[in-house]
2 protein chains.
Amino acid sequence: MATIDALTPERILEATEEVLRRHGPAKATVVDVARALGVSHGSVYRHFRTKTALREAVTQRWLDRTSMALSGVVAGSEPPGTRLRRWLAELFAAKRRKVGDDPELFATYMVLVGESSAVVNRHRADLTGQLARIIHEGLERGEFAPAGASPEVLARAVFDATGRFHDPAYAREWAEPGIDAEFTALVDLVLRGLAAP
Amino acid sequence: MATIDALTPERILEATEEVLRRHGPAKATVVDVARALGVSHGSVYRHFRTKTALREAVTQRWLDRTSMALSGVVAGSEPPGTRLRRWLAELFAAKRRKVGDDPELFATYMVLVGESSAVVNRHRADLTGQLARIIHEGLERGEFAPAGASPEVLARAVFDATGRFHDPAYAREWAEPGIDAEFTALVDLVLRGLAAP
DNA sequence: CAACTGACAAAAATTGAAATCTGTCATCTG
DNA sequence: CAGATGACAGATTTCAATTTTTGTCAGTTG
């Protein structure tokens, strides 16, 4: 019993995610999480200093699942241009899935965005880092050519340029008709901006 | 007296703008506007059906001032690439000035954005229309080259790509250090995407 | 009689008291 | 004695009563 029921951070995160999914960020309480685990709320505070820390840890895990899925595209063997296009499409698809399938966790994520949480900054850094890896390879192979710009700066520019298709502030627009055509037009423009003549 | 004091839509808009500037969108009331004009609030409703219509009319006027200033750039005689760059820089500068100088009217504008008001859509259409004019000329002259895309589609792509530097949702970031370098990097990328090889 | 007023109903915002929640810690328990 | 508990203070949220605001319109005024 002791081993199976041991109260670990992992189990707490699992329960918190479930509670957030059910109640949303506005209604979920630490007492709810404790109740779901069959412990007192004091025990939860033994593992997470504040409710905010708990929310951030859950969101980080949730965002990291996306980063990990995308890192598969970065590591692919296709030409960088193709990989970049695929990576952007998968990011867009992943974000859309997140709003659709997990609206309450998405709302939690948006709360952290509003607070400029470090978790969100980290996620952005993760993603631009992946972009920079693809762009770096493209520059090395001569497939990409912009002179005088580092992969990091270009990655940031590409990330900013495509914000409408991954920034949660725009989530409402992701269901509008024509959004896919607009995505394609924008990605075409960006890829042309990177490509060697 | 009758002529000078005539209650016109124009005078009401003037007074409303002043009241909004002083109290902000959350506190400004129609009675405040009426008081500022020395009339009863019933008289204000004779010219504007609802408070929302009043807010929208004020915001439209305020946004139109920006559109008009930018249309000067569209009509310029420089090469389209230069004009496009200048136009984007002026849009960014204008939006930054608006947040800085008129925070309460900017907040009013953001309320309309949140409500997906027709005024905001119109403003966006105005701006992408101006972009399309510049791009159309660039294509005609052979300075721009993307195959198979209309000026309208390209304009929309350029507008979306630069959202971080004109969309009010990002206003908080416009004061961060390094923002100008990021703006330049993004505009360079976009212009490269449009340019003929 | 065209423009304006102000009393009014319905809707929305504000207030303040009660209830709930967060985070701490002295105490308990296996 | 490591880990868990639950009573507690202070912060935050909820809820209902009250006030303010919106929008209308019958009546007033120049």
Side-chain angles (χ1 to χ4, degrees), chain A residues 1-59 104 107-108 110-112 114-115 117-119, chain B residues 1-59 104 107-108 110-112 114-115 117-119:
Chain A
M1 199 126 117
T3 304
I4 290 174
D5 289 4
L7 189 59
T8 60
E10 183 59 24
R11 279 190 64 219
I12 295 175
L13 289 179
E14 213 83 57
T16 305
E17 190 168 319
E18 188 50 31
V19 167
L20 279 169
R21 230 191 283 277
R22 212 182 292 288
H23 297 94
K27 298 279 184 193
T29 73
V30 177
V31 174
D32 290 334
V33 173
R35 193 181 6 254
L37 289 161
V39 300
S40 75
H41 75 282
S43 299
V44 173
Y45 279 101
R46 174 165 297 282
H47 293 91
F48 293 91
R49 252 204 299 349
T50 64
K51 184 187 183 180
T52 298
L54 195 48
R55 256 195 337 210
E56 288 181 339
V58 167
T59 305
E104 298 294 11
T108 305
M110 290 190 71
V111 169
L112 300 202
E115 294 166 346
S117 160
V119 167
Chain B
M1 199 128 110
T3 303
I4 290 174
D5 288 6
L7 190 57
T8 61
E10 182 58 26
R11 279 191 65 220
I12 295 174
L13 288 179
E14 214 82 58
T16 306
E17 189 168 318
E18 188 50 30
V19 167
L20 278 169
R21 231 191 283 279
R22 212 183 291 289
H23 298 95
K27 297 281 183 194
T29 74
V30 177
V31 174
D32 290 334
V33 173
R35 196 183 1 257
L37 288 161
V39 300
S40 75
H41 74 281
S43 300
V44 173
Y45 279 102
R46 174 164 298 281
H47 294 90
F48 293 91
R49 254 203 304 324
T50 63
K51 183 187 184 182
T52 298
L54 195 48
R55 253 193 343 207
E56 287 180 340
V58 167
T59 305
E104 298 294 10
T108 306
M110 290 190 71
V111 169
L112 301 201
E115 293 165 347
S117 160
V119 167

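Treat the numbers as computed from the prediction; the structure is a model and nothing was measured. The chains referred to below are lettered A, B, ... by the order of the sequence lines, with proteins before strands, and numbering in each begins at 1.
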Between [N] atom [atom2] and [X] atom [atom1], what is the distance in whole Å?
X: B:Arg49; N: D:dT24; atom1: CZ; atom2: C1'; result: 14 Å
X: B:His41; N: D:dT20; atom1: NE2; atom2: P; result: 15 Å
X: B:Ile12; N: C:dC4; atom1: CD1; atom2: C1'; result: 12 Å
X: A:His47; N: C:dG23; atom1: NE2; atom2: C1'; result: 16 Å
X: A:Leu54; N: C:dC21; atom1: CG; atom2: P; result: 15 Å
X: A:Phe48; N: C:dT22; atom1: CZ; atom2: P; result: 15 Å
X: B:Arg35; N: D:dT20; atom1: CZ; atom2: C1'; result: 12 Å
X: B:Asp32; N: D:dT22; atom1: CG; atom2: P; result: 8 Å

Between [options], spot the one nearest the side chain of [X], thanks.
X: A:Arg46; options: C:dC4, D:dT24, D:dG3; answer: D:dG3
X: B:Thr29; options: D:dT5, D:dT22, C:dT22; answer: D:dT22
X: B:Leu7; options: C:dC4, C:dT22, D:dT24; answer: C:dC4
X: B:Thr50; options: D:dT5, D:dG23, C:dG23; answer: D:dG23

Presence of [X] side-chain N/O under 4.0 Å of [N] phosphate oxygens OP1/OP2:
X: B:Ser43; N: C:dA3; value: no
X: A:Ser40; N: D:dA4; value: no
X: A:Lys27; N: D:dT12; value: no

TODO: Please confirm whether the backbone N or O of A:Asp32 pairs with a side-chain atom of A:His23, one donor and one acceptor, at under 3.5 Å?
DONE: no
Open item on the list: A side-chain contact here means heavy atoms from C-beta on lying under 4.5 Å apart; do A:Thr108 and A:Val58 qualify?
Closed with: no
- [ ] Go through the steps to decide whether B:Glu17 and B:Leu13 satisfy the test side-chain contact (heavy atoms from CB on, under 4.5 Å), and finish with yes or no.
- [x] CA-CA 6 Å; B:Glu17 189 168 318; B:Leu13 288 179; over 6 Å; no
Task: Working for side-chain contact (heavy atoms from CB on, under 4.5 Å), residues A:Leu112 and A:Glu115 - done: CA-CA 5 Å; A:Leu112 300 202; A:Glu115 294 166 346; 3.7 Å; yes
Task: 5' precedence on DNA chain D between B:Ala28 and A:Ala26 (nearest-nucleotide basis) - done: A:Ala26
Task: A:Gly38 or B:Val31, whichever maps to the more 5' nucleotide of DNA chain D - done: A:Gly38
- [ ] For the pair A:His41 and A:Val31, evaluate side-chain contact (heavy atoms from CB on, under 4.5 Å) and give the outcome as yes or no after the intermediate values.
- [x] CA-CA 5 Å; A:His41 75 282; A:Val31 174; 4.3 Å; yes
